[in-house]
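Keep in mind that the numbers below use all heavy atoms, side chains included, and drop hydrogens, waters and symmetry copies. Everything quoted here is computed from the prediction, not taken from an experiment.
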Amino acid sequence: AYITYDNDNDTYSGDRNCPVEDCSKHHYEGWWDVLSPCFKQLIDKEKVTHPELCVKKPDNEYTEYIHNIIDEFRQASNLPPFPNVDTDVPKDYRSFCPGNFEDMLTYLQLVATITPPYLVDSGDQLGVPIATMLVCYMHTDRGREFFANSKVNSYMVKIVNKYGELLNSPVSMSVFNHLQYGWTSKCAQSFIPYHTFELPDPNNNLTFGFKSFNDFFTRKIANMSTTRPIGDYPVVYPGDITWNWGKVNVKLHDNFESKNETYSLYNIFNEQTSKAKYYENGAIGSFFFSANKYHWYHAPVDGTIVYYK
């Protein structure tokens, strides 16, 4: 099997069919490698050095629909200027960017037909491939203007909604296997405590009886009291989260950042001062749900919801 080792980054990448026994190191450098070793070369329209390692595109309705939307997107007129990766995007985020507008379309055309694989030792700040791509552009004014455009947004909505249909279908179960990036691989099962969840078929060690990726993604905890006991503390985590930051004695117009945007209590409560002031001088926290973890919010509090929007 084809495997490469990057000594500088201490990472492996290679054939997604290679078995992996060492679960202490990640075996990829980014989504480029995980989706297939030749993915970046396809995006950059370079010669594919190992075509036998490319992931075969699914030949189904999803692929055809995505390709048609991408073609419409490509031919659309009166779109705002697309951000220049070399000049507009901060250096630390350039590696996440496919490149110019055509490269981004190529990226979307490929990634929107591939179910997210499992990543070994991926850390706690993992997003899905489409979202990861958007992060780099959202760090630029021009990128925000581009994706906020109603016409651009309409194409992205169509792509994301169709991708959701893919993840709700049996086709998405292709990533449930015992291979390098499989959700039931040795490394995945050492990270995900499958025995603590409701499994449709516990005896099926390949899929556990899940019917689609989203069926798995929205899995439920079997026994909350034993696996997620609620602690006797003033603040309890609402899920399997990563803590980002917290602030106390928050004022009405104090600024804090989340997902590259600046907010205040005043903004969060839709500029309704009377509702926002109730939380003034209180505390606020930011946390992150990683894509590779149990993904339900819980409300570990007693009380009644009196307002939501």
Any donor-acceptor N/O pair, Ser264 side chain to His253 backbone, under 3.5 Å: no

His67 side chain near Ile70 side chain, heavy-atom distance below 4.5 Å: no

Geometric class of the Phe210/Phe216 ring pair [parallel <30°, tilted 30-60°, perpendicular >60°]: perpendicular

With His298 via ring pair (Phe, Tyr, Trp, His ring centres under 6.0 Å) - residues at least two apart: Tyr294

CG-OG1 distance between Leu166 and Thr115, expressed to the nearest 0.5 angstrom: 4.5 Å

Heavy-atom check, side chain of Glu64 versus side chain of Asn68, under 4.5 Å: yes

Aromatic plane relationship, Tyr137 with Phe147 - under 30° parallel, 30 to 60° tilted, over 60° perpendicular: tilted

Pro81 side chain reached by Arg142 side chain, heavy atoms, under 4.5 Å: yes

Which residues share a ring pair (Phe, Tyr, Trp, His ring centres under 6.0 Å) with Phe256, sequence neighbours left out: Trp245

Inter-residue atom distance Thr262.OG1 - Asn255.CG, 0.5 Å rounding: 6.0 Å

Salt bridge (Lys or Arg N to Asp or Glu O under 4.0 Å) contacts in which one or both residues fall within residues 267-292, not counting sequence neighbours: Lys277-Glu280

Partners meeting salt bridge (charged side-chain N to carboxylate O under 4.0 Å, His left out) with Lys162 (sequence neighbours left out): Glu61, Glu165

Side chain Asn161, main chain Lys158, donor-acceptor under 3.5 Å: no

Heavy-atom check, side chain of Tyr155 versus side chain of Ile69, under 4.5 Å: yes

Heavy-atom side-chain contact between Leu79 and Lys151 under 4.5 Å: yes

Test item: Asn153 side-chain N/O and Asn149 main-chain N/O as donor-acceptor pair under 3.5 Å: no

Student check: side-chain heavy atoms of Leu108 and Ile159 closer than 4.5 Å: yes

Test side-chain hydrogen bond (donor to acceptor under 3.5 Å, both in side chains) applied to Asp240 - qualifying residues, sequence neighbours left out: Arg228

Residue Tyr297 excluded, over 12 heavy atoms near OH under 6.0 Å: no

Flag, side chain of Trp296 to backbone of Lys220, donor-acceptor distance under 3.5 Å: no

Partner residues of Tyr278 under the side chain to side chain contact (heavy atoms under 4.5 Å, CB included) criterion, sequence neighbours left out: none

By salt bridge (charged side-chain N to carboxylate O under 4.0 Å, His left out) - contacts of Lys247 (at least two apart): none

Check ion pair Arg74-Asp71 (N to O, under 4.0 angstrom): yes

Counterpart residues, ring pair (Phe, Tyr, Trp, His ring centres under 6.0 Å), relative to Tyr163 (two or more places apart): none

Can I get a per-line list of side-chain donor-acceptor pairs under 3.5 Å for residues 188-201, giving both atom names and the distance, sequence neighbours left out?
unit_1: Gln189; atom_1: NE2; unit_2: Thr184; atom_2: O; d: 3.0
unit_1: Ser190; atom_1: OG; unit_2: Cys187; atom_2: O; d: 2.6
unit_1: Tyr194; atom_1: OH; unit_2: Trp183; atom_2: O; d: 2.4
unit_1: Thr196; atom_1: OG1; unit_2: Pro193; atom_2: O; d: 2.7
unit_1: Asp201; atom_1: OD1; unit_2: Asn203; atom_2: N; d: 3.2

Close side-chain approach of Val152 to Phe73, heavy-atom, < 4.5 Å: yes

Hydrophobic cluster of Ile230, others only, ordered by chain and residue number, side-chain cut-off 4.5 Å: Val236

Those residues that, when tested against Phe287, pass ring pair (Phe, Tyr, Trp, His ring centres under 6.0 Å) (two or more places apart): none

Pairwise distance CG(Asn177) to OH(Tyr118) - rounded to 0.5 angstrom: 13.0 Å

Ring pair (Phe, Tyr, Trp, His ring centres under 6.0 Å) contacts in which one or both residues fall within residues 218-242, not counting sequence neighbours: none

Check: Asp103 main-chain N/O paired with Asn100 side-chain donor or acceptor under 3.5 Å: yes

CG-CG distance between Leu265 and Leu252, expressed to the nearest 0.5 angstrom: 6.5 Å

Thr227 side-chain N/O to Asn223 backbone N/O, donor-acceptor pair under 3.5 Å: yes

Phe208 side chain near Arg219 side chain, heavy-atom distance below 4.5 Å: no

